[in-house]
K.L.:
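Okay, here's the structure, questions in a sec.
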Amino acid sequence: MEISFFSRSSFRTQLALAFGILTFVVLVSSSLLWGVWFSDLLQKSIQNELQARVHAASELIVAGLSDRSAEIIELSRTPDLMQSTESVALLQKRIDSKRSLRAEYAWIGVATPEGAVIAAAGKMLLGKDVTQREWFKVGRSAPWMGDVHEAVLLSRLLPRENANEPLRFIDIAAPVQNMKGELLGVLGAHLHWSWVTRLAETLLPDDAESRQMQFYILNREGVTLYPFADTGKTSFKQSNELRVNASEIIWADQHTYVTAQASLPQTPDQHLGWRIVLRQPVDVAYGPLRRLALQMVVVTLLIALGAAWLAYRVAGFINAPITLLELAVKRLGKDADQVEVPKRLPQELRTLAKAIQTASSDLAASRQELVEANELLEQRVKDRTRALGLANDALAQQALTDGLTSVANRRAFDLKLAELHALSARTQQAYGVLLIDADHFKHVNDTYGHDVGDQVLTGIAGQITSSVRATDFVARYGGEEFVVMMYPVTSPSELAGVAEKLRHNIEQHTFPSVGRVTISLGGCIVQGCSVERDSVLKAADNALYRSKTEGRNRYTLGLESTAL
């Protein structure tokens, strides 16, 4: 019966049915193949995103811990550490300064070989016996980093960030030895565990909460260290080897999650064995794929129906006169005048022929309009591009400017230092560096508040800028420290004159609410080919340190780095 119906149908109906069925089969087949391929591609993309974030988080944590460990080791190797009563007092100031500059340090302290704390941040635990502490035992012989733990004594002295969670810390320790290798004491530090977890969570996307992404940190036995609600639990059964890509894992709550894992790379002074895990519910992670599959089914059906309808419409024109009409259509748009369509056309095609003639004349008129529209569009694109360039320049300038004092920031200083160092090496002309620190600035903040302290910093920046040449470079180095770079500099006396001018102008300036403020300066003259760039700031910082130890409100030039 189906064959009989098909044979009795008109050519137009036959073509519509055949084209519709063929289109449906082709679309369904290609959609299935494409859908499987594309779904697999999107699934891998989602897994790769999680894996990339978890690897970045592990590397960020290792970098942060390594930097803090290096700081403690460097501080423990200070030559004058624990040599006298004065050096211990100076050590106390250094420890307080280090902790005030880095909020991740909960506590820093130094204990004698007998275990008595003689210097500590904020004088917390001063005089306490730490002989039973793990960091003291291990830190006597080598640098060491311990696993996360609670500290009962220290927790009583520090405020909690979350009232429902106890404070937890990570210990770092290093031996303090003299030139003969004899043990003078042990330098230890407690890092806030919340600092480590915040490092990991910085790599979560802004919509992590809506996408139900969660970070976990597990110890080497697979027990959860973070988040606190799951602390001490085994989240899921772990394999002996980490997978390179994320995978679907059933967790302890019997739900399946797309899970990415990365072990914390081990360094010579830490072997924590942590595992960073990022998970996302399968339904949430692959939800877009299911919606896409449904959309593909709907679109396939619509296209098949549309194809059948189109075939039915086209079939009415597929006859002998269509060839003549095709020739007229081919000339459409090529001839300047109207296209002459053949007169011997069936009645049903005459309306289309008239439309072709009308379109031919309209097309010529539209060409000119299109040219004018294109020219207008090109001009608008140029204007928008120019405006975008100006906006980008403004953003780049903003990224190099300190938001408080409106002078250059640390990043701009690093770029300028590299530029001047290379220029000095090329031209054989020296440049000068002055490192400036506001004296007793912590007292200003503690006495008058940070708002007044910010006003003082802004005033100091203004005095420095107005006291140097327009070609000199002024930047905020960090906190209450500023830096001035001058090029070229011909002699130490020239640099000394600028330093004295800065010292005098700021000493004579009256700051609102505070009154008089003094600064200490340390500087050096450098020729790029004679020293390494990294040693320039060390020389200036050493000179600044001498200015502070000799009474402040003075300048010192580190002539040992002078290349003149």
Side-chain angles (χ1 to χ4, degrees), residues 39-62 64-65 147-150 155 160-170 192-266 272-294:
S39 296
D40 183 67
L41 182 65
L42 285 179
Q43 183 172 324
K44 290 181 179 179
S45 175
I46 294 170
Q47 294 175 354
N48 290 340
E49 179 196 5
L50 296 183
Q51 196 66 43
R53 291 185 184 279
V54 84
H55 273 295
S58 66
E59 292 173 359
L60 184 62
I61 291 174
V62 168
L65 292 175
D147 211 334
V148 58
H149 68 92
E150 295 183 21
S155 296
R160 291 189 182 184
E161 295 182 358
N162 189 331
N164 298 322
E165 296 182 16
L167 290 176
R168 292 190 287 175
F169 309 94
I170 300 169
H192 283 290
W193 171 244
S194 58
W195 167 70
V196 175
T197 60
R198 282 195 294 269
L199 282 180
E201 290 185 339
T202 56
L203 293 175
L204 285 174
D206 295 336
D207 59 348
E209 184 174 355
S210 62
R211 293 170 63 183
Q212 299 182 35
M213 287 186 178
Q214 289 181 294
F215 257 120
Y216 281 76
I217 301 179
L218 314 179
N219 65 13
R220 62 176 72 252
E221 288 78 26
V223 177
T224 301
L225 300 176
Y226 177 81
F228 179 76
D230 293 332
T231 299
K233 301 178 182 178
T234 301
S235 299
F236 60 92
K237 185 178 180 181
Q238 301 183 88
S239 59
N240 293 330
E241 296 183 359
L242 286 178
R243 298 188 179 184
V244 177
N245 297 318
S247 59
E248 298 177 19
I249 295 178
I250 300 176
W251 283 56
D253 60 2
Q254 300 305 312
H255 290 92
T256 303
Y257 297 84
V258 181
T259 306
Q261 310 176 54
S263 285
L264 212 63
Q266 297 183 354
L272 300 177
W274 293 347
R275 178 173 296 189
I276 311 301
V277 180
L278 180 60
R279 76 176 191 180
Q280 187 178 19
V282 169
D283 294 340
V284 178
Y286 299 154
L289 298 180
R290 297 176 181 176
R291 291 192 293 271
L292 177 63
L294 179 61

K.L.:
Less than 4.5 Å apart, side chain to side chain, heavy atoms only: is that true for Asn48 and Ser45?
P.N.:
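Asn48 vs Ser45: side chains apart.
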K.L.:
Taking all atoms of both residues into account, what is the closest heavy-atom pair of Thr202 and Leu60, and its distance?
P.N.:
OG1-CD2, 3.6 Å
K.L.:
Rounded to the nearest 0.5 Å, what's the gap from CD1 on Ile217 to CZ on Arg275? Could you check?
P.N.:
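Separation between the atoms: 13.5 Å.
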K.L.:
Would a distance-only check, ignoring hydrogens and angles, find a side-chain to backbone donor-acceptor pair under 3.5 Å from Arg168 to Leu225?
P.N.:
yes
K.L.:
Could you tell me whether the side chain of Gln280 reaches within less than 4.5 Å of the side chain of Glu49, counting heavy atoms only?
P.N.:
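A side-chain contact is absent here, since even the closest heavy-atom pair is not under 4.5 Å.
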K.L.:
If you draw a 6.0 Å radius around CG in Asp253, do more than 12 non-hydrogen atoms from other residues or ligands fall strictly inside?
P.N.:
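Check passes, neighbour count above 12.
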K.L.:
Do Gln51 and His55 have a side chain donor and acceptor closer than 3.5 Å?
P.N.:
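His55 and Gln51 do have a side-chain donor-acceptor pair below 3.5 Å.
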K.L.:
Are Glu150 and Phe169 close enough, and set up right, to give a side chain to side chain contact (heavy atoms under 4.5 Å, CB included), and what steps lead you there?
P.N.:
CA-CA 6 Å; Glu150 295 183 21; Phe169 309 94; over 6 Å; no
K.L.:
Could you please spell out the steps behind the side chain to side chain contact (heavy atoms under 4.5 Å, CB included) verdict for Trp251 and Thr259?
P.N.:
CA-CA 9 Å; Trp251 283 56; Thr259 306; 3.0 Å; yes
K.L.:
Is the shortest side-chain heavy-atom distance between Thr197 and Phe215 below 4.5 Å?
P.N.:
no
K.L.:
Once rounded to the nearest 0.5 Å, what's the spacing between atom CG of Leu278 and atom CD of Glu201?
P.N.:
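One gets 10.5 Å once the value is rounded to the nearest 0.5 Å.
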K.L.:
Would you compute the distance between atom OG of Ser58 and atom CG of Leu199 and round it to the nearest 0.5 angstrom?
P.N.:
12.0 Å
K.L.:
Hey, could you give me the CG/CD distance between Leu218 and Gln261, rounded to the nearest 0.5 Å?
P.N.:
7.5 Å
K.L.:
What are the two closest non-hydrogen atoms of Gln212 and Val284, and how far apart are they?
P.N.:
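Looking at all heavy atoms of both residues, the shortest contact is NE2-CG2, 3.5 Å.
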K.L.:
How far does CD1 of Ile276 sit from CD1 of Ile61, to the nearest 0.5 angstrom?
P.N.:
4.0 Å
K.L.:
Just wondering, do Trp274 and Val196 contact through their side chains at under 4.5 Å, heavy atoms?
P.N.:
yes
K.L.:
Could you tell me if the side chain of Gln214 sits less than 4.5 Å from the side chain of Pro227, heavy atoms only?
P.N.:
no
K.L.:
What is the distance from atom CG of Leu50 to atom CZ of Arg211, rounded to the nearest 0.5 Å?
P.N.:
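Leu50 atom CG to Arg211 atom CZ measures 7.5 Å (nearest 0.5 Å).
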K.L.:
Quick one, Val258 with Tyr286, criterion side chain to side chain contact (heavy atoms under 4.5 Å, CB included). Give me CA distance, side-chain angles, the key distance, then yes/no.
P.N.:
CA-CA 9 Å; Val258 181; Tyr286 299 154; 3.6 Å; yes
K.L.:
Assign the ring pair Tyr226 / Trp193 to parallel, tilted or perpendicular, where the plane angle (0 to 90°) is split at 30° and 60°.
P.N.:
perpendicular
